[in-house]
Structure formats: structure tokens, C-alpha cells
Undergrad: 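Pasting a structure here, questions to come.
Since the model is a prediction, treat every value here as computed from it, not as a measurement.
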Amino acid sequence: MASALGAQASVAAPIGAGGYGRRSSSSKGSNTVNFCNKSWIGTTLAWESKALKSRHMNKIFSMSVQQASKSKVAVKPLELDNAKEPPLNLYKPKEPYTATIVSVERLVGPKAPGETCHIVIDHGGNVPYWEGQSYGVIPPGENPKKPGSPNTVRLYSIASTRYGDSFDGKTASLCVRRAVYYDPETGKEDPTKKGICSNFLCDSKPGDKVQITGPSGKIMLLPEDDPNATHIMIATGTGVAPYRGYLRRMFMEDVPSFKFGGLAWLFLGVANTDSLLYDEEFTNYLQQYPDNFRYDKALSREQKNKNGGKMYVQDKIEEYSDEIFKLLDGGAHIYFCGLKGMMPGIQDTLKRVAEQRGESWEQKLSQLKKNKQWHVEVY
């Protein structure tokens, strides 16, 4: 699910298959790792939240970008790359893990509609995850629909790699848009109907405790069997969260077991320039890896499509449709993450393009799903 998943609804749909990703402990030299073995877990963070200060960007981003421009960043513990299966549901709603908020930073500029925050959570290495997975968050307080019961779990896509923003495997980051509601008659914000979990997270302070569950999800896992594969990533708003994890793994981190040499192509749809998320990181990748990364933005309030209307992400896809279809024919993976409402427009665009090419979109989609090239997670 996308990063703001659950922020605008009290119940989030489950992601992927359930079960456990725990593997047996093994002798030295084995390729497996026990996710429940906490023996390698430390407690010291590589950086402190008080150091995070900048205009619109968390300083860790700037630090990371500077490092990436010189050389890739060393990560640890490398045992996190040894597991053959992703960790799943290590912590469940009835027994969540109590993590700690490290930092909460506003991501967007003053002209962005709404507020989106980057939230770093210290899990101490106890809740490992893979890129593309989600954490559940249980906001404090009672469930308004079930007095006496805790609030329901909201799911948020993780916006960092398994090594976290501190590169030590002890943190996870979420990209959360504050959910607010407006009275249709007055047009004014109604504070009585604000999103419980998104506001809790965006209002959190360093040191605050947060109940998390998971990790969950298999749909958006980054396939790494072919390091030279093409990955086409399409997002609206906070749906960019899993892609930030993918791209940091591809271009920022020095991961011995994964040396990316393919093409990553990101399409990001937001309202305006001030609404762009992680733009500094992505622009840096574009400068450093022009042969391996492409970055296209659809700014609905600033750009026009070919018909003179607002530029949405499906319009940007249509601009490059011929190339995209050729890449899909060549085995490219395509991902969609963001608001559920984005999919009908995208599907209509792809169907129209397919028909113009003399192809059946239904047959093509069926083949993409069969080949496991099609990855969709919307909320």
C-alpha cells in the first residue's frame, strides 16, 4: 500500500500474503538469517534528530545526497541481505512493537496543498523489512467505533531501504500526508474529522513512542534476480514512498549483493513544484547516473497536457507510451502506487495506446501479470 495508506480511512486493506518470514538460525557461512535473532542488534543511532535542519528538506537527505555524489554509502549489517524470503508479520496488532520517533520533517514547500512529512522511526533492528513492504501503525487512543478497544492499524509503505536513513539497519522511514477534511458547505477545515493516524504521526516529536506491526506485503518487492532489469515506477503523491527505497538501494547504498546496472524510470504526479517529494535525491541520481535513471514529473497545477488540460501522471505516460510498451515487451517491470483513483485513468490510457498499436490490452495485461511484471498497490 502507499505511504499514506490508512491516513484517510479507518480500515486499510491487507497487503500480500500473511505468514512468517522467520528463517532458522544457521552456522557461519550460510546464506540464511534468522529475523528473530536479535544478537547483532545495537542501540546507537548513526545520527541524531537535532542535527536535522533545513528549509524544506531533512538534513539527512542532504547528507545522503552529498555522500552519493562522491561515492556510495557503506551499509550494515550486511546480514540483512542474506535472507532468501522477506520478513512477514513479525509483530501483529495484538502484540505490536514499541518503536521510537527519531524525527519528523516537513517535506513540501509553502505552496503545496496540504502537508506531507518524512518520519524516521527507530525500531532498533527488531522489525526488519525489505524495500516495498509496509509497516502498520496503531495510533494511541480508543477506536471511536469500538469503545474500549484500541484504534485499528493503518498501513504505510516504507520509504527507506532495509538499512534505513542512517544506513545501519535500525530505522525505517514513512512518507505521510496529513489527512484533513473540509466542510463542503463552508469550505473550511473540520478539525473534528481529521485523520487520526496521519495527524498523530505528523504531530509526533523525537522520543515519542509508536506502536508498529508488520512488516507486510509482497506485491511491491523489488525483483533483484536480474540487476540489469528495467523498472518503470509510477506514483501519485506519497505513493512515491516505496520507490525512494528502491532508488536508494540502486544508486545510494553500497550493497555488495546488489549492483544495479539496469534502468529505473520514475513518473511522479503531484500538484505543483512545492509538492514534489524527495526531489533533491532524485535529481541527484539523474545527474550521477544519467544512463540508469530517468525522472519525469506531472505537475497538475503547473503543466498542461497535449489537449490543454491539466497534466496528470497518465498524460505523462502517454507521452512516452511507445517506449514504455517496447520496454514491457522486453521484460520491464512496471509499478503503480498511490491513490486508487489514479488507476482508471492510467488503465484507459494504456488500453487506448494498445489499441492504437493493434494490440489487445486485456491480453497484454494478462501476460504482464503472468510474467510477474505488473505490480499495483493503491489506497
Undergrad: Ignoring hydrogens and angles, state whether a donor on the side chain of Ser173 or Asp165 is under 3.5 Å from an acceptor on the partner side chain.
TA: yes

Undergrad: Please list, chain by chain and in numerical order, all residues satisfying salt bridge (Lys or Arg N to Asp or Glu O under 4.0 Å) with Glu323, sequence neighbours excluded.
TA: Arg294

Undergrad: Enumerate the residue pairs fulfilling salt bridge (charged side-chain N to carboxylate O under 4.0 Å, His left out) with a member in residues 350-359, sequence neighbours excluded, ordered by first and then second residue.
TA: Glu318-Arg352, Asp322-Arg357, Asp329-Arg357, Lys351-Glu362, Arg357-Glu359, Glu359-Lys364

Undergrad: Salt bridge between Glu115 and Arg177, side-chain N to carboxylate O under 4.0 Å?
TA: no

Undergrad: Answer yes if Tyr312 and Leu350 sit in the same cluster of Ile, Leu, Val, Met, Phe, Trp and Tyr residues linked by side chain heavy atoms under 4.5 Å apart, and no otherwise.
TA: no

Undergrad: Calculate, to the nearest 0.5 Å, the distance between atoms CG and CG belonging to Leu286 and Asp296 respectively.
TA: 9.0 Å

Undergrad: Run Asn284 and Glu280 through side-chain hydrogen bond (donor to acceptor under 3.5 Å, both in side chains) and show every step you take.
TA: CA-CA 6 Å; Asn284 182 74; Glu280 187 177 344; over 6 Å; no

Undergrad: Under 30°, 30 to 60°, or over 60°: which ring-plane class applies to Phe260 and Phe251, parallel, tilted or perpendicular?
TA: perpendicular

Undergrad: Name the orientation class of the two ring planes belonging to Phe325 and Trp361 (parallel below 30°, tilted from 30 to 60°, perpendicular beyond 60°).
TA: tilted

Undergrad: Quick one: side chain to side chain donor-acceptor pair (under 3.5 Å) partners of Gln356, sequence neighbours excluded?
TA: none

Undergrad: State which residues pass salt bridge (Lys or Arg N to Asp or Glu O under 4.0 Å) with Arg249; sequence neighbours excluded, sorted by chain then number.
TA: Asp81, Glu131, Glu224

Undergrad: Check the side chains of His231 and Tyr246 for a donor-acceptor pair under 3.5 angstrom, ignoring hydrogens and angles.
TA: no

Undergrad: I'd like to know if the side chain of Ser216 pairs up with that of Gln133 as donor and acceptor (distance under 3.5 Å, no hydrogens or angles considered).
TA: no

Undergrad: For the residue pair Trp265 and Phe293, is the inter-centroid distance of their aromatic rings smaller than 6.0 Å?
TA: no

Undergrad: Under a 3.5 Å distance rule, please check whether Tyr156 uses its side chain to pair with a backbone N or O of Ala241 as donor and acceptor.
TA: no

Undergrad: Test of understanding: with salt bridge (Lys or Arg N to Asp or Glu O under 4.0 Å), list the residues that count as partners of Asp203, not counting sequence neighbours.
TA: Arg178

Undergrad: Any luck finding a side-chain donor-acceptor pair between Ser149 and Glu142 under 3.5 Å?
TA: no

Undergrad: Check the side chains of Asn292 and Tyr285 for a donor-acceptor pair under 3.5 angstrom, ignoring hydrogens and angles.
TA: no

Undergrad: Can you list the residues that meet the salt bridge (Lys or Arg N to Asp or Glu O under 4.0 Å) rule with Lys340, with sequence neighbours excluded?
TA: none

Undergrad: Hey, is the main chain of Ala159 close enough, under 3.5 Å, to the side chain of Arg244 for a donor-acceptor pair?
TA: yes

Undergrad: Using the ring of Tyr129 (Phe, Tyr or Trp, six-membered ring only), decide whether Arg162 places NZ or CZ under 6.0 Å from its centre and within 45 degrees of its axis.
TA: no

Undergrad: Apply side-chain hydrogen bond (donor to acceptor under 3.5 Å, both in side chains) to the pair Asn126 and Tyr97, showing each step before the final yes or no.
TA: CA-CA 8 Å; Asn126 294 297; Tyr97 179 80; 2.8 Å; yes

Undergrad: What is the distance from atom CG of Asp274 to atom CG of Leu299, rounded to the nearest 0.5 Å?
TA: 10.5 Å

Undergrad: Do Asp168 and Tyr163 pair up side chain to side chain, a donor and an acceptor below 3.5 Å, judged on atom types alone?
TA: no

Undergrad: Just checking, is any N or O donor in the side chain of Tyr379 or Thr238 under 3.5 Å from an acceptor N or O on the other one?
TA: yes

